[in-house]
Asks: 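I'd like to ask some things about the structure below.
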Number of protein chains: 2
Amino acid sequence: MKVSTRTRYGIRAAIELAQHHKQGPLQLRIIAERQAISVKYLEQLVAVLRSGGIVRSLRGARGGYLLAKAPNQVRLSDVFHCLEGPVATTECVEDPEFCDRSLDCVARKLWTRVEGAVNDVLDSVTLQDLLDQAGKQSQNYSI
Amino acid sequence: MKVSTRTRYGIRAAIELAQHHKQGPLQLRIIAERQAISVKYLEQLVAVLRSGGIVRSLRGARGGYLLAKAPNQVRLSDVFHCLEGPVATTECVEDPEFCDRSLDCVARKLWTRVEGAVNDVLDSVTLQDLLDQAGKQSQNYSI
DNA sequence: ATTTACGCTACTAATGTAGTAGGAATTATA
DNA sequence: TATAATTCCTACTACATTAGTAGCGTAAAT
């Protein structure tokens with residue numbers, strides 16, 4: 001049930017951008033430094049967020065990345081799904097035809113409930129919520 | 001966020017044993033057949049369940065496996081943790097010292113909530129609940 | 001023109017996953 | 001006591017995924 005570093009790093013980058021919202025583009029170099037991530041690796045993750053419409057970029061000198069929407073308009077599920085795809089504890093939850101017993105499989109019912117619980121949390125939290133939670137005292141260094 | 005086949009197969013085996021509760025030992029060969037899993041692979045998974053106290057075994061001819069407790073005494077979280085370890089979306093949720101910013105990390109707060117939601121589901125469901133849910137019409141063939 | 005920064009693609013090392021394989025130990029039963 | 005059935009234990013292997021490196025191209029500010 002681990003979350004990939006890809007997704008963790010990507011979410012941390014999104015949080016950084018949310019904190020910098022309305023303050024012009026933020027460079028990957030800065031984010032990478034603050035979050036202790038390789039710039040080159042971060043580039044790849046942020047590219048995914050860009051093509052997913054979560055962030056947008058400005059090229060050239062003084063360029064960088066910006067959040068594409070206001071932090072209160074970005075649900076964590078948006079970011080998560082963009083980086084990791086659907087939560088998909090098992091394939092059959094999303095694709096009932098994956099197994100011909102799906103319809104009355106009790107194990108599948110369990111995984112469906114688990115997935116629902118995860119999605120509920122991710123759907124109910126926005127980047128703004130995370131910033132509010134942070135308050136004044138902290139930065140968002142983390143895993 | 002995938003669940004390993006190890007855990008999925010193990011839970012399916014536990015469900016089979018729950019269905020067979022109070023009917024004597026059930027052989028892996030039978031479970032493997034019904035669930036379309038390699039016996040040899042299943043052996044390894046069930047060994048973990050055994051050392052975790054979820055099932056017990058009888059060796060020799062006419063031996064097999066039995067659920068160690070009544071199905072309503074076995075929470076899915078017990079089975080899950082035995083096979084997969086803690087849910088651990090990220091290491092820092094369980095081990096705050098994994099990262100020195102853990103205490104005020106907003107990303108960590110998110111993962112903690114996600115994990116909590118998953119654990120709540122798994123804690124609240126027993127094998128008996130799954131059997132009841134199944135009713136008469138279905139077997140538990142599945143992913 | 002130069003510098004800064006994103007954009008794209010390919011490659012690689014390490015790790016984890018999902019098995020396969022063989023045989024030893026134990027027990028029921030004929 | 002011999003045989004068959006079944007769990008128990010350990011090692012090995014092929015494949016996929018993950019995490020990260022590397023290099024060069026493209027765009028824009030100054």
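Reminder, nothing fancy here: chain letters follow the sequence lines and each chain counts from 1.
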Asks: Can you see if the side chain of B:S57 gets near the phosphate of D:dC8 - specifically, an N or O under 4.0 Å from OP1 or OP2?
Replies: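 So the side chain of B:S57 is within the cut-off, an N or O lying under 4.0 Å from OP1 or OP2 of D:dC8.
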
Asks: If you check the A:R62 side chain, which of D:dT30, D:dC8, D:dA19 turns out closest?
Replies: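 Of the candidates, D:dT30 comes closest.
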
Asks: Just how far, in rounded Å, is P of C:dT27 from CZ of B:R56?
Replies: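 Those two atoms, CZ and P, are 14 Å apart.
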
Asks: Rounded to the Å, how far apart are A:L45 CG and D:dT18 C1'?
Replies: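 For the pair A:L45 CG and D:dT18 C1', the rounded distance is 11 Å.
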
Asks: Select one nucleotide: of D:dA19, D:dC24, D:dC8, the one nearest the side-chain heavy atoms of A:K40.
Replies: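 Per side-chain heavy atoms of A:K40, the pick is D:dC24.
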
Asks: Below 3.5 Å, does any donor atom in the side chain of A:K2 face an acceptor in the base of C:dG16, or the other way round?
Replies: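 Answer is no: no donor-acceptor pair is held.
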
Asks: Using whole Å, what does the distance between atom P of nucleotide D:dT7 and atom CG of B:L42 come to?
Replies: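 After rounding, the gap between these two atoms is 9 Å.
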
Asks: Quickly work out the B:E91 CD to C:dT15 P distance and round it to whole Å.
Replies: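 For the pair B:E91 CD and C:dT15 P, the rounded distance is 13 Å.
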
Asks: Does C:dT4 have OP1 or OP2 under 4.0 Å away from a side-chain N or O of A:R29?
Replies: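 Looking at the OP1 and OP2 atoms of C:dT4, neither is under 4.0 Å from any side-chain N or O of A:R29.
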
Asks: Any idea which of C:dA18, D:dT21, C:dT4 is nearest the B:T5 side chain?
Replies: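 Of C:dA18, D:dT21, C:dT4, C:dA18 is nearest to the side chain of B:T5.
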
Asks: Given side-chain contact (heavy atoms from CB on, under 4.5 Å), test B:V48 with B:C82 step by step and report yes or no.
Replies: CA-CA 7 Å; B:V48 177; B:C82 179; 4.0 Å; yes

Asks: Quick one: on DNA chain D, does A:T7 or A:A61 contact a more 5' nucleotide (nearest heavy atom)?
Replies: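 With A:T7 and A:A61 compared, the 5'-side residue is A:T7.
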
Asks: Considering only heavy atoms and no angle criterion, is a donor-acceptor pair shorter than 3.5 Å present between the side chain of A:Q44 and the base of D:dT21?
Replies: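 Check passes, donor-acceptor contact within cut-off.
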
Asks: Nearest whole angstrom, please: distance from the C1' of D:dA27 to the CG of A:L58.
Replies: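 Roughly 11 Å, once rounded to whole Å.
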
Asks: Below 4.0 angstrom, N of the basic side chain to O of the carboxylate: do B:R6 and B:E84 qualify?
Replies: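 The answer is no: the pair does not qualify as a salt bridge.
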
Asks: In whole Å, I'd like the distance from the CZ atom of A:R50 to the P atom of D:dA27.
Replies: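 Distance check: A:R50 CZ to D:dA27 P gives 12 Å.
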
Asks: Does C:dT20 have its OP1 or OP2 closer than 4.0 Å to a side-chain nitrogen or oxygen of B:S38?
Replies: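 For C:dT20, OP1/OP2 do have a side-chain N/O of B:S38 under 4.0 Å.
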
Asks: Would you mind reporting whether A:C92 and A:R101 have side-chain heavy atoms less than 4.5 Å apart?
Replies: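 No, too far: nothing below the 4.5 Å cut-off.
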
Asks: Send over the distance from A:Y41 OH to C:dA14 C1', rounded to a whole Å.
Replies: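 Those two atoms, OH and C1', are 13 Å apart.
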
Asks: Within the 4.5 Å heavy-atom criterion, are B:V87 and B:H81 side-chain neighbours or not?
Replies: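 Contact flag for B:V87/B:H81 side chains = yes.
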
Asks: Among C:dT4, C:dA18, C:dC8, which nucleotide sits nearest the side chain of B:R6?
Replies: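 For B:R6, the side-chain atoms sit closest to C:dA18.
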
Asks: Using whole Å, report how far CD of A:Q27 lies from P of D:dA29.
Replies: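 Whole-Å distance recorded here is 13 Å.
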
Asks: Could you check if a side-chain atom of B:I37 sits within less than 4.5 angstrom of a side-chain atom of B:I31, using non-hydrogen atoms only?
Replies: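 Not touching, per the 4.5 Å side-chain cut-off.
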
Asks: It should be established whether B:Y9 places a side-chain nitrogen or oxygen under 4.0 Å from OP1 or OP2 of nucleotide C:dT17.
Replies: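 Answer is no, no contact under 4.0 Å.
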
